[in-house]
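A quick write-up on the structure given underneath.
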Amino acid sequence: MKISFYLNGKDTCVDVPADRKLVSVLREDLELTGTKEGCGAGECGACTILVDGHVRLSCLMTAAQAQGRRITTIEGLAENGKVHPVQEAFIENGAVQCGFCTPGMVLAAVDLLDRNPDPTREQIREGLSGNLCRCSGYVKIVDAVEAAAGKIGRGKSR
Amino acid sequence: MTTRMIEVGYPVPRFDARAKVTGEEKFAIDYSREGMLWAGARRAGLAHGVIRSIDISQAAALPGVYAVLTRRDVPGTNRQGIILKDQPVLAGRKVRHCGDPVALVLAEDRDVLEKALGLIAVDLEPLEGVFDPEDGLRPDAPLVHESGNLLHKAVIKVGDARKALGECDVVIEDSFEVPAQEHAFLETENGLAWQEEGGRITMVVSTQAPFRDRFEIAHALGLDVEAIRVVSPCLGGGFGGKDGATVQCLLALAALRAGGRPVRMLWRREESFSAGYKRHPVRMRYRVGAMRDGALHSIDCRLIYDTGPYAHLGVEVMALGMEHACGPYRVPNTLVEGLCVYTNNPISGAMRGFGVCQASFGIESMMDQLASKLGMSRLDIRLKNALRRGDRNGAGVTLVHSTGIVPCLEALGGHRLWKQSAKWKSEAGPYKKRGVGIAAVSNAIGYGRGLPDSAIARVDLTKEGKIRIYSSVADMGQGNSNAFVQIAGQILRQDGSRLEIIQPDTDLAHPSGSSSAGRTTYTYGNALIKACEDLREKLVHRATLLLMLDEPAGLVLLPGKVKHLPSGEEVPFELLGRVLSETDRIAVKEFVMPVAQDNVDSAKEFKLGFPHVLFSYAAHLVYVEIDELTGKIDVKEYLAVTEGGRVINPASFDQQVHGAIAQGLGYGLMEEVLTERGKILNPDFTNYIIPTSLDIPDITSVCVETEESTGPFGMKGIGEVGTNAPLPAIAGGVEDALGRRIRRSPLTAASVLAAPGGKGATG
């Protein structure tokens with residue numbers, strides 16, 4: 001089945017079975033391996049992508065569900081070679097360890113800050129609670145999202 | 001890379017962070033090759049049984065199936081195992097746990113693979129199993145291996161513990177139990193392998209021990225070690241679970257039978273649970289005796305380790321647990337007995353804390369109870385007995401290196417969280433009970449005696465004028481690569497734009513052991529210092545020649561060049577890279593870790609892995625609040641004071657401390673691999689719950705710096721020590737709140753309600 005969607009700013013068309021997992025389409029067919037798969041059951045959040053700007057789990061979506069949507073994977077977050085403020089904050093605040101949860105975590109944070117530009121630490125913890133990290137204990141990830149919120153906020157108020 | 005100077009001692013952002021936040025970093029799971037086949041194992045699904053027959057005909061006939069292999073197709077010994085080789089690559093005669101592989105399928109894609117695995121008919125004659133290590137020791141127990149169910153028995157003995165118990169003013173006795181814990185790294189076990197023309201196998205695999213993997217594969221499949229190349233990209237977590245063969249031997253076997261096509265093997269999450277390694281379940285019985293002033297006089301304990309059906313590192317895990325069974329304390333008389341028993345439960349093996357996690361729960365719970373019995377504070381009794389440099393520890397080893405548990409405990413005692421604990425407890429709201437727990441722990445570094453703990457570092461000036469480090473110890477996320485970049489930056493005075501690091505590749509780097517045992521940065525880092533100093537000397541000497549100077553005096557390295565300060569003349573690295581011969585551009589140096597010099601005259605049963613001489617230390621404090629109605633335990637505050645020598649990167653240091661605590665809190669509060677007749681009941685993240693961002697509080701990490709004179713820039717490994725304290729600290733906090741001790745982990749709402757003092761008992 002031919003499926004068309006707008007992926008990381010580009011019109012994209014794939015010819016795959018309609019029920020193929022979207023995460024496999026991204027990782028295997030389109031070679032966008034930044035999206036990870038950690039459990040295949042919607043529990044770990046490593047496969048997080050943005051669909052029309054909202055967090056979705058690509059391991060729980062079929063290819064057909066991507067039809068006509070605007071999809072952002074981690075590869076599509078940087079603009080003109082400049083990383084997103086959330087990515088920058090993850091680098092600067094030591095929020096990256098093994099890095100396997102990082103793409104999903106970053107996208108979840110981007111969506112969270114989109115909905116709530118000035119979250120408390122507790123709200124950040126809630127917003128990221130669907131994304132498992134086994135390395136960090138989350139402390140520095142929460143720090144990073146807090147720092148990114150400040151940066152984005154300052155950017156907007158200017 | 002940035003043009004920031006990369007130095008030791010600063011929280012330099014990790015060099016790998018950019019590639020990881022943009023998704024560019026390639027893990028083993030992200031590698032693929034044209035024409036790739038998918039390999040998968042048919043698992044036994046039964047914990048103990050004799051294989052009557054395996055019918056592969058239907059699977060083999062399925063379109064898209066390339067090959068189906070069984071034991072008969074395995075060349076070589078068919079045996080794997082890090083020290084004792086008792087684990088089959090493909091089971092042929094019997095199966096010993098549910099995750100044993102009985103057949104290997106190679107298929108064109110994953111869907112066909114899954115379908116084919118389901119079509120293999122395995123006829124197993126069930127055998128009675130061993131599901132409890134103590135049952136396994138009975139004379140009439142069914143045998144997991146014909147050699148008997150007792151894999152290993154050992155005794156550590158100092159003085160005369162039993163006689164000394166009679167001399168004590170107080171003696172307390174108690175028992176504890178801990179279940180299996182899953183590593184739960186997010187990147188499951190996987191790899192990609194192919195046979196080159198001429199037969200050589202290249203494997204890109206998520207592994208903590210690329211160099212050892214070659215020997216494992218070679219032994220199991222009858223290959224020449226040199227005929228195997230292992231490449232280990234950054235791992236999506238390891239924590240011990242990728243130390244030892246996971247996919248390696250099966251994948252190499254598949255590659256041998258794939259007609260030159262590349263083959264990928266990727267364990268599904270459920271498969272990772274059923275076939276992967278676990279933290280050992282342990283049962284402990286302790287008798288501890290002390291004098292009226294709180295001085296420990298004797299410890300007599302017995303630890304029983306359930307190692308599952310294969311040795312893996314079970315004996316070494318037990319050895320380390322036993323070595324730490326008396327805690328970071330001075331005890332003149334100790335008797336530590338250990339039994340490591342085969343069962344038909346999932347395979348136990350290495351996991352962060354490596355046997356010490358379990359023993360720390362035992363000894364620290366005893367210290368709390370001793371404090372109560374003697375009317376001392378929990379802090380004072382620990383300080384009274386804490387090891388100081390020059391003391392002998394419970395295993396009889398003299399601590400000649402940095403020994404920082406006293407400053408850790410002093411810093412804890414001086415912290416506001418300790419000072420305010422009584423006040424905080426008194427402010428509990430309605431239906432809440434509050435308690436404060438502490439724990440003092442240590443963790444050995446390195447392999448211990450019996451096997452040299454060595455590393456060989458290589459650093460090059462590339463032809464293009466960059467400094468390139470060839471790491472040979474895998475980075476599973478702990479940040480050792482970044483420490484290496486900092487070390488090279490510091491010695492060679494380079495900024496980020498000049499430094500590169502290559503992840504382990506057995507064709508390019510030199511054997512340096514595994515990424516484990518808190519040794520990774522310590523051992524390789526020491527070797528790298530030597531290599532960088534050698535390279536610096538080479539570059540300065542060659543620059544002397546190029547500038548036609550009399551002597552190297554006055555020449556210094558600066559980013560991208562060697563500069564003669566008196567004259568201002570410079571030699572760019574690009575020029576040096578072009579004109580130097582290859583041997584002049586490469587520096588290779590080796591380091592071997594020191595071992596204990598004492599003649600420890602017990603525990604001769606351990607041929608390797610005992611004893612150790614280098615330790616890191618930590619003292620933790622936790623505030624817990626218990627909801628009396630639901631039994632839920634909330635961790636409100638967490639303080640970790642850690643001593644690991646000098647700190648190469650404070651941000652990486654805190655990352656390790658936070659992560660260790662998070663895994664320790666999971667172990668203490670929620671994680672347990674549940675089994676029924678050896679079958680895992682919770683083999684996925686839906687049912688095996690690990691901490692989320694809502695379960696871990698903000699952690700206060702305090703560093704007590706000492707100088708470890710043998711460490712690179714004075715450092716010691718601290719990746720593991722923090723895992724050992726959360727469980728005993730929580731257990732102490734819960735006891736403080738409820739007035740009763742829970743002796744089995746994890747401490748859940750159900751165990752709180754069941755404990756006398758919880759609502760279940762009182763209401």
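Sequence lines set the chain letters: A, B, ... in the order given, protein chains first and strands last, and positions in each chain run from 1. What you see below is based on every heavy atom in this structure, not just the backbone, and it leaves out hydrogens, waters and symmetry mates.
Summarising the geometry, atom CE belonging to B:Met476 is positioned 9.5 Å from atom SG belonging to A:Cys135; distances are rounded to the nearest 0.5 Å. The CD atom of A:Glu122 sits 6.5 Å away from atom CG of B:Leu694, with the distance rounded to the nearest 0.5 Å. Put simply, NZ on A:Lys36 and CD on B:Glu25 are 8.0 Å apart, with the number rounded to the nearest 0.5 Å. Here CG of B:Asp698 is found 7.0 Å from CG of A:Asp143. Values are rounded to the nearest 0.5 Å. How far CD1 of A:Ile74 is from CD of B:Glu24: 10.0 Å, rounded to the nearest 0.5 Å. Rounding to the nearest 0.5 Å gives a distance of 10.0 Å between OG of A:Ser136 and CD of B:Gln663.
In this structure, no portion of B:Pro11 lies under 4.5 Å from any heavy atom of chain A. For B:Leu665, no part sits under 4.5 Å from any heavy atom of chain A, backbone or side chain. With a threshold of 4.5 angstrom between heavy atoms, B:Asp30 approaches chain A through its backbone and through its side chain. In this structure, chain B has no heavy atom under 4.5 Å from any part of A:Leu77. In this structure, the portions of B:Leu186 lying under 4.5 Å from any heavy atom of chain A include both its backbone and its side chain. The part of A:Tyr138 that comes within reach of chain B is its side chain, from C-beta onward, which places non-hydrogen atoms under 4.5 angstrom from that chain. Neither the backbone nor the side chain of B:Asp111 comes within contact range of chain A; no heavy atom of the residue lies under 4.5 Å from a heavy atom of that chain. For a residue to count as touching a neighbouring chain, one of its non-hydrogen atoms must lie under 4.5 Å from one of that chain's; by this rule B:Glu187 touches chain A with backbone and side chain alike. The part of B:Thr188 that comes within reach of chain A is its side chain, from C-beta onward, which places non-hydrogen atoms under 4.5 angstrom from that chain.
Ranked by heavy-atom pairs shorter than 4.5 Å toward chain A, the options B:Ala184, B:Ala662, B:Ser32 are led by B:Ala184. Annotation: maximal heavy-atom pairing with chain B below 4.5 Å, among A:Gly99, A:Gly34, A:Cys101, A:Cys133, occurs at A:Gly99. Heavy-atom pairs under 4.5 Å with chain B were tallied for A:Arg125, A:Lys140, A:Glu31; the largest tally goes to A:Arg125. Of all the listed residues (A:Thr102, A:Val142, A:Leu128, A:Leu132), the one sharing the greatest number of non-hydrogen pairs under 4.5 Å with chain B is A:Leu132.
The two residues A:Gly38 and B:Phe685 come nearest to each other via the heavy atoms O-CE1, 4.5 Å. Contact between A:Val83 and B:Thr22 at its shortest, heavy atoms only, is CG1-CG2, 3.8 Å. Nearest approach of A:Glu37 to B:Ile29, heavy atoms of both residues: O-CD1, 4.2 Å. Here the closest non-hydrogen pair linking A:Pro103 and B:Gly23 is CG-CA, 4.5 Å.
Between the side chain of A:Glu92 and the backbone N or O of B:Pro13 there is no donor-acceptor pair closer than 3.5 Å. With hydrogens and angles ignored, the 3.5 Å screen pairs a side-chain donor or acceptor of B:Gln655 with a backbone N or O of A:Val96. Of the possible polar contacts, none joining the A:Arg134 side chain to the B:Phe185 backbone as a donor-acceptor pair under 3.5 Å is found. With B:Arg14 contributing its side chain and A:Gln97 its backbone, the two residues share a donor-acceptor pair below 3.5 Å.
Under the 4.0 Å criterion applied to side-chain N and carboxylate O atoms, B:Arg110 and A:Glu28 are assigned as salt-bridge partners.
Around OH of A:Tyr6, the count of heavy atoms belonging to other residues, nucleotides or ligands within 6.0 Å does not exceed 12. The environment of B:Lys26 atom NZ is dense: over 12 non-hydrogen atoms of other residues, nucleotides or ligands sit within 6.0 angstrom.
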